[in-house]
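The next block holds one structure in the form of structure tokens; read it before the comments.
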Amino acid sequence: MRRGLWIVLWLLTPLAWALAPCTPESEVGSGCRLAIADLHPTQGGIGLLQVEREQAALAEKSPKQLDKLMKKKEIPVVISPDGRFWLVDRHHLTTALWRSGVREARVRVIARLKDPANFWRQMRANHWVWLQDERGRPLEPDQLPARVQDLPDYPYRTLAGLLEDAGYIDKDQQVYFIEFAWATWLGEQMGWAGVDSHNLKVRLHEAKQLACSSRAAHLPGYPGQQCLLNPARSGH
């Protein structure tokens, strides 16, 4: 059987999760199974090229490796006062699962917010939502895509994500959404030049030089470990 098919067959098997279905009453801190279609994004877009890379990586994993990955990369959700489930991290992984044909995922309930009047204020205060588009323009909560499969492509989010994966952004503090601050800054520095599969290597090389430069010092996660290991890459 091709490994790409293992993803669908294994992840859709309830025994693989050994978890109960999620409900609006699921306990904070508990793990449960949830339909990906019921997850509401908390950001305006994704880096599609990064998603495609994650999707290809998933297809190469055995069931045992997938189980280990999904336990390590738990999908955190917040339950809102109206009982909806808000995806506060792992948008790229969740989108890769959806594009692979997976329709249900393991999630971890990290909070339940009960005050409708203060829901979005609390989401912002906890850094559980990013209400800016790729270019840093503000978004209203009702402008967020309703479903994971509706997330548009933010090409510079791909560059930021690949920089983080390569060690050019330090995310030890585990603050959600710092990649978006980098994506906006990179786009501004690079004049919003097009980013696609054909020029990704060139754009990423330029992004690495920028990430290690002193111009990036105001950004969260600066400097990344690769910049510290290779100080010659740092510019001014």
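No hydrogens, no waters, no symmetry mates; every other heavy atom, side chains included, goes into these values.
- Checking Q43 against H91 by side-chain atom types alone, a donor-acceptor pair falls below 3.5 Å.
- For R53, the CZ atom is loosely surrounded, since the number of other residues' heavy atoms within 6.0 Å does not exceed 12.
- Residues passing the side chain to side chain donor-acceptor pair (under 3.5 Å) test with R84, sequence neighbours excluded: D82.
- More than 12 non-hydrogen atoms from other residues, nucleotides or ligands lie less than 6.0 angstrom from NE2 of H218.
- Here K61 does not pair with D67 in a salt bridge; the nearest charged N to carboxylate O distance is not below 4.0 Å.
- Side chain of H92 to main chain of G47: a donor-acceptor pair is present (N/O by atom type, distance under 3.5 Å, no hydrogens or angles).
- Taking every heavy atom of both residues into account, F85 and P24 meet most closely at CZ-N, 4.0 Å.
- Annotation for M123 and V88: closest pair CE-CG1, 4.2 Å, computed over non-hydrogen atoms.
- A side-chain donor-acceptor contact under 3.5 Å links D153 to the backbone of L48.
- Using a distance-only test at 3.5 Å, with no hydrogens or angles considered, no donor-acceptor pair links the side chain of D133 to the main chain of G44.
- Of all non-hydrogen atoms in W192 and A183, the two that sit nearest each other are CH2-O, 4.1 Å.
- Around CD of E27, the count of heavy atoms belonging to other residues, nucleotides or ligands within 6.0 Å does not exceed 12.
- One N or O on the side chain of R108 and one on the backbone of G29 form a donor-acceptor pair closer than 3.5 Å.
- Here the CD-CZ distance, from E179 to R157, works out to 4.5 Å after rounding to the nearest 0.5 Å.
- By the side chain to side chain contact (heavy atoms under 4.5 Å, CB included) test, A193 pairs with Y156, R203, sequence neighbours left out.
- Not one N or O on the side chain of W130 forms a donor-acceptor pair closer than 3.5 Å with the backbone of I178.
- Annotation for C32 and V109: closest pair SG-CG2, 4.1 Å, computed over non-hydrogen atoms.
- Distance CG/L186 to NZ/K208: 12.5 Å, rounded to 0.5 Å.
- Note: T95 OG1 to L87 CG = 8.0 Å, rounded to the nearest 0.5 Å.
- Heavy atoms only, all atoms of each residue included: F119 and P81 are closest at CD1-CD, 3.6 Å.
- Using a distance-only test at 3.5 Å, with no hydrogens or angles considered, a donor-acceptor pair links the side chain of H40 to the main chain of A146.
- A donor-acceptor contact under 3.5 angstrom links the side chains of W86 and S80, judged on distance only.
- In this structure, F180 and Y154 have perpendicular ring planes: the angle between them is above 60°, well past the 30° mark.
- Sorted by first then second residue, the ring pair (Phe, Tyr, Trp, His ring centres under 6.0 Å) pairs that include residues 43-74, not counting sequence neighbours, number zero.
- Residues L163 and V202 are members of separate hydrophobic clusters, defined by side-chain heavy-atom contacts under 4.5 angstrom among Ile, Leu, Val, Met, Phe, Trp and Tyr.
- Between L58 and S100, the shortest heavy-atom distance links the atoms CD1-OG, 4.4 Å.
- S26 places a side-chain N or O within donor-acceptor distance of the main-chain N or O of T23, the cut-off being under 3.5 Å.
- At distances below 3.5 Å, not a single donor-acceptor pair connects side-chain atoms of Y222 with backbone N or O atoms of R215.
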